[in-house]
Novice: 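Take this structure first; my questions come after.
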Amino acid sequence: MSAGEMSLTATIDRPRTARRNARRLRLALVGFVLPVGLGALWELAVHAGLSNGRLVPPPSVIFTTLWELARTGELWVHTKATVARVAAGFVLGVAAGTLFGALTGYSNFSRRILDPTLQALRSIPSIAWVPLFILWFGIFEESKVALIAVGVFFPVYLGVMEAILTVDRKIVEVGRAFRLSGPALVRRILLPAVLPSYIVSLRSGLGLGWMFVVAAELLGASEGLGFLLIDGQQLGKPAQIVAAIVAFAVIGKVTDWLIEISAAPLLRWQDAYGREAREA
Amino acid sequence: MLVLENVSKTYPNGVNALEGFTAKIRPGEIVAVIGGSGCGKSTLLRAIAGLDHATRGAITLDGDRITAPHEKIGIIFQEPRLLPWLNVADNVGFGLNDLPRPDREQRVAAALSRVGLADKARVWPRELSGGQAQRVAIARALVPQPEVLLLDEPFSALDAFTRRDLQDHLLDLWADTRPTLILVTHDVDEAVVLADRIFVMRPRPGRLFEEIPVYLARPRDRASELFEALKRRVLTALDRSLDRSVPDHQGKSVVGEGMWW
Ligand SMILES: Nc1ncnc2c1ncn2[C@@H]1O[C@H](COP(=O)(O)OP(=O)(O)OP(=O)(O)O)[C@@H](O)[C@H]1O
Ligand SMILES: [Mg+2]
């Protein structure tokens with residue numbers, strides 16, 4: 001392609017990208033119509049005296065509560081405690097899930113040995129582990145982190161195993177035809193092939209991590225966003241409960257988004273497809 | 001010289017896919033393998049590629065016994081099988097990883113312009129048409145300069161027009177370094193256009209039924225009478241190969257023999 005052609009396509013491309021971005025932004029904003037509308041209606045209803053808003057506080061009260069929590073530094077302390085638990089559990093769960101998933105996906109022998117047991121363990125509702133974990137690890141951080149790690153483990157384990165098992169045999173054969181050694185085959189064919197589903201399983205693992213941190217903190221904690229929930233219930237402060245829920249939603253979304261954007265450069269080769277599908 | 005000696009393959013499920021296949025293929029020769037579905041063409045090719053093992057017999061290239069993929073043997077499959085996470089240039093350079101980067105880039109660029117896709121170097125495989133993708137696959141297989149190139153119905157998924165275009169293109173590329181080509185095809189026209197020799201196989205168990213030499217100068221005129229005559233000859237052999245009452249008559253027909261048409 002000549003330089004002239006290149007600059008030509010560039011100038012044609014730029015307004016097109018800008019238009020596409022604007023369109024994407026508009027589409028994203030559409031999603032806000034319902035929650036913002038409902039919030040505004042409720043705010044008006046409380047102001048008009050149709051309800052006292054005690055059990056279901058209006059947005060203004062929730063934001064004031066959040067602001068108060070943030071101002072006193074409490075929000076930061078609780079958020080930090082919760083994020084630290086999720087991070088520790090996530091790292092452990094992902095490490096174990098990846099290891100076992102890779103093992104069972106790669107070798108039929110270890111799959112026959114390990115998978116039935118792991119599947120049986122998976123069918124146990126994870127909360128059922130809590131009493132045992134408390135006996136084993138005590139009532140402090142360890143048992144909470146263990147519970148979160150269990151929650152994260154299974155989606156990652158299943159995702160990695162499935163991804164390896166479903167790698168296109170025909171593409172693996174290309175690697176063999178080019179005489180790649182075992183490690184090179186893993187690095188140049190298997191890893192890139194499983195990456196998209198790996199990212200998906202990390203995201204669902206993280207989702208479960210957030211779910212289980214709430215469970216762990218509800219069952220007894222002296223700090224953490226889950227503690228704010230229980231505290232709000234016991235002291236009859238619904239605004240604090242909703243504020244904590246909002247904090248959970250925001251942090252959960254942000255961490256999920258962090259995984260998504262850090263994976264994006266690696267998945268550029270399939271990106272356009274996903275983007276088109278989402279836009280449609 | 002590629003030597004196939006009594007190559008046989010029985011799959012674990014008991015299917016006798018290939019039985020006593022013997023042939024000598026000269027360097028630079030173009031061989032087309034043709035035959036009904038399930039007569040062991042792909043099995044033969046995969047054994048030569050070292051992707052599957054023959055259960056009996058031996059395949060040797062210049063005296064080297066082939067038991068695993070060999071550096072001097074390349075293969076092109078029916079589908080392009082490009083790696084979707086590599087752009088076109090990196091796909092073409094996939095087999096050149098041992099080379100220093102500038103060397104690799106230069107050879108990739110040369111190969112891409114040779115298949116007419118120099119402007120697609122930075123494009124993802126999913127953005128290519130079927131014919132373009134297959135041309136990338138051809139470039140990828142040719143860039144390590146194999147002595148033997150195996151092609152398993154490489155153009156069968158393409159429309160007739162693109163297929164012709166790529167056949168001519170393949171011949172051009174072949175002329176550069178003159179590798180041995182072994183081409184599996186269902187298309188009689190393709191076999192007669194490309195090959196120096198046509199192997200007609202017969203099924204159950206898969207074996208060589210007839211060898212038809214093609215003494216036509218290149219470039220070949222698809223409309224010429226001799227071309228038509230050769231096509232008829234291959235078709236007749238194909239018909240006879242599927243007729244179970246016709247006994248095997250292995251071996252090469254003498255030039256001029258069978259000029260009965
Ligand atoms: N992996 C396999 N396991 C068991 N049997 C197989 C396998 N691959 C092929 N076969 C059998 O071996 C025989 C030859 O198969 P092969 O794929 O070599 O045929 P082919 O000539 O390439 O056919 P086609 O023209 O349809 O591609 C067939 O009967 C097929 O069912
Ligand atoms: Mg086949």
Side-chain angles (χ1 to χ4, degrees), chain A residues 1-10 12-13 16-17 108 163-164 166-200 262-279, chain B residues 42 45-46 48-53 66-88 90-99 109 112-113 117-128 136-137 140-144 146 148-152:
Chain A
M1 191 187 283
S2 73
E5 263 178 292
M6 205 117 91
S7 63
L8 188 64
T9 47
I12 292 174
D13 257 3
R16 203 195 290 156
T17 331
N108 287 332
I164 295 181
T166 53
V167 168
D168 188 357
R169 208 183 49 81
K170 293 181 168 177
I171 282 201
V172 177
E173 210 165 72
V174 170
R176 283 186 55 215
F178 279 104
R179 303 184 313 130
L180 294 188
S181 61
L185 196 71
V186 169
R187 187 171 55 81
R188 297 183 65 196
I189 305 272
L190 289 181
L191 280 184
V194 302
L195 195 65
S197 18
Y198 188 55
I199 303 296
V200 171
S262 43
L266 298 172
L267 299 182
R268 229 153 25 97
W269 54 274
Q270 57 163 29
D271 184 47
Y273 169 71
R275 197 190 294 146
E276 278 156 27
R278 242 174 288 146
E279 267 177 20
Chain B
S42 298
L45 219 61
R46 294 175 57 82
I48 302 175
L51 291 170
D52 280 339
H53 295 287
I66 308 291
T67 49
H70 191 283
E71 61 175 329
K72 292 180 182 165
I73 301 179
I75 184 163
I76 295 173
F77 300 96
Q78 183 170 357
E79 330 77 28
R81 301 201 188 179
L82 302 181
L83 306 177
W85 53 84
L86 296 181
N87 67 27
V88 164
D90 290 340
N91 262 291
V92 173
F94 189 76
L96 298 179
N97 230 34
D98 306 335
L99 249 55
L112 274 177
S113 59
L117 291 174
D119 57 331
K120 299 280 184 197
R122 301 279 147 224
V123 149
W124 298 113
R126 63 175 153 73
E127 298 168 276
L128 298 175
V136 174
R140 177 176 69 183
L142 281 175
V143 88
V148 178
L149 183 61
L150 310 168
L151 305 100
D152 194 350

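Predicted model only: the values in this text are computed from it and were never measured. Chain letters run A, B, ... following the sequence lines, proteins first and then strands; every chain starts at 1.
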Novice: Name the region of B:L86, side chain, backbone, both or neither, that has any atom closer than 4.5 Å to a heavy atom of chain A.
Specialist: neither

Novice: Please classify the contact of B:E79 with chain A as side chain, backbone, both or neither, using a heavy-atom distance under 4.5 Å.
Specialist: side chain

Novice: Side chains of residues 179-195 of chain A: which donor-acceptor pairs under 3.5 Å do they make with residues two or more places apart or in other chains?
Specialist:
residue	atom	partner	partner atom	Å
A:R188	NH2	B:F94	O	2.9

Novice: Below 3.5 Å, can you tabulate the donor-acceptor pairs from side chains in residues 171-178 of chain A to any protein atom, sequence neighbours excluded?
Specialist:
residue	atom	partner	partner atom	Å
A:E173	OE1	B:R46	NH1	2.8
A:E173	OE1	B:R81	NH1	2.9
A:E173	OE2	B:R46	NH1	3.0
A:E173	OE2	B:R46	NH2	2.7
A:R176	NH2	B:L51	O	2.8

Novice: Side chain, backbone, both or neither: which part of B:P144 has a non-hydrogen atom closer than 4.5 Å to chain A?
Specialist: side chain

Novice: Please identify, among B:A68, B:G74, B:P84, the residue contributing the most non-hydrogen atom pairs under 4.5 Å to chain A.
Specialist: B:P84

